[in-house]
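A quick write-up on the structure given underneath.
Note that the structure is predicted; figures quoted are calculated from it, not measured.
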There are 2 protein chains.
Amino acid sequence: MAGRTDTKREILDVAEQLWLHRGYNGFSYQHIAKQLGIKSAAVHYHYPAKQDLGVALVERMRRRFARWVVRTAELDGFWPKLDAYIAIHQVYLDDDSKVCPTGILDAEFHTISDEMRRSARELTREMHGWLTTLFRDGREKGDVCFRGEPDGVAAVVGATVQGALQIARAVGRGSFHLTIDHLKLQLRRREPTVDA
Amino acid sequence: MAGRTDTKREILDVAEQLWLHRGYNGFSYQHIAKQLGIKSAAVHYHYPAKQDLGVALVERMRRRFARWVVRTAELDGFWPKLDAYIAIHQVYLDDDSKVCPTGILDAEFHTISDEMRRSARELTREMHGWLTTLFRDGREKGDVCFRGEPDGVAAVVGATVQGALQIARAVGRGSFHLTIDHLKLQLRRREPTVDA
DNA sequence: GTCTATATCCGGATAGAC
DNA sequence: GTCTATCCGGATATAGAC
């Protein structure tokens, strides 16, 4: 009805909203069904067990990130790329105060299936790998300044963005922007002048 | 039996372990009762509703942090204090890969009671306030070097530690240490020499 | 303060009709 | 592919005995 041609995909879309908003243990097939105007048994037809749905959610995130990486390759230089990475998260924040996939996966890590955990681990590694390359290239070109190794700063940035997104839920969105602004400030190329 | 003199406190202790390990929506009164060798009805006697228990958990964390602040005041200088802050989180990591209270509260924020949310907000502000003072004083004494405002760097550090703790669940403890090492590296006092 | 017993509800899941 | 009907188990919670 109403032109539904791909229920399976719509289920995934609704589930994703609920997932990033309330967590994996915070939504049920009933929630999904109600939003789509179908019965929960219909959801089970497409995803027999909830963990099937869970794995599908994470796997789709991985594919989406992989496509994003390809698109983002066309951006020129360190800062536009870092901004693009941050923008992904900014969208979550603005979309009803959601958190990023890894943020929710990590928090509920000990309650999800092995397969979801494996996917979560892969997604985390893929994101960290991208950031590492970003910092390695950025340093080579002199666009960014940092001490230590690229994978170390990449870990800092990844953790900061994930953490900032969550903390903004408790204390407000301003907190996210404050955090991101200062994160970028610490990474700015060092000017020849001495700072305070 | 076995010398239990304060069941209410023991309940809180067990609940805290479960909470930081599996999340608020990831444990039940049955789990608590089984671990203590009592029935879930007995747990309800001490904490009638689960949200009473939830609020008690967060409030105790706030009191604990307040006491920690007093104790830590005796530490001398910026770095020992920052290390003490990190050590709190290191303990969570080593204790069966738990996360910090705010990390789990933020992730499940949209599923908890108003009162838990209020407490969570207060705890977050208290921790951020402490970090802000730390950076303000540290800068004045020249122990630490950063651009921007103390509350901004405090936000970065708070978010980084929280995020790093979570990410370590997915990819291993080494990730936490890598992150912390590089976080501290970026904050080191700037030497007169030029760096790469 | 803890127990047994019970009530209620909900989430996950399946069978079989349409 | 979606429905109705149903089952099971678990989680929250209360009443009343001990």
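Nucleotide C:dG12 holds its C1' atom 12 Å from the CD atom of A:Gln51, rounded to whole Å. Between the NZ atom of A:Lys39 and the P atom of D:dT6 there is a distance of 15 Å, given to the nearest Å. One interatomic measurement links the two molecules: CD1 of A:Ile32 to P of D:dT2, which rounds to 14 Å at whole-angstrom precision. Atom NZ in A:Lys8 sits roughly 12 Å away from atom P in D:dT2 (whole-Å rounding). In this structure, B:Tyr45 atom OH and D:dA17 atom C1' are separated by 15 Å, rounded to whole Å. The nearest whole Å value for the distance from the CG atom in B:Asp6 to the C1' atom in C:dT2 is 15 Å. B:His31 has its NE2 atom 9 Å from the P atom of D:dG10, to the nearest Å. Protein atom CZ of A:Arg9 is 19 Å distant from nucleotide atom C1' of D:dG1, rounded to whole Å.
The residue among A:Ala41 and A:Gln30 whose nearest nucleotide of DNA chain C is located toward the 5' end is A:Gln30.
For the residue pair B:Asp106 / B:Gln162, a side-chain donor-acceptor distance below 3.5 Å is found, with atom types taken as modelled. Checked by atom type, the side-chain pair B:Asp94/B:Gln90 shows a donor-acceptor distance below 3.5 Å.
The side chain of B:His44 has D:dA13 as its nearest neighbour among C:dT2, D:dA13, C:dA15. Distance from the side chain of A:Ser28 is smallest for C:dG12 among the nucleotides C:dG12, D:dT2, C:dC3. Counting only heavy atoms from C-beta on, B:His46 has its side chain closest to C:dG1 among C:dG1, C:dG12, C:dC3.
If you look at A:Tyr29 and A:Tyr47, their ring centroids are not closer than 6.0 Å.
Look at B:Lys50 and you'll find a side-chain N or O under 4.0 angstrom from OP1 or OP2 of D:dT12. Considering only side-chain N and O atoms, B:Ser40 lies nowhere under 4.0 angstrom from the phosphate OP1 or OP2 of D:dA13. For A:Tyr29 and C:dG12, the shortest distance from a side-chain N or O to OP1 or OP2 is not below 4.0 Å.
A salt bridge does not link B:Arg22 to A:Glu108: none of the charged side-chain nitrogens sits closer than 4.0 Å to a carboxylate oxygen. In summary, B:Arg136 and B:Asp151 do not engage in a salt bridge, as defined by a charged side-chain N under 4.0 Å from a carboxylate O.
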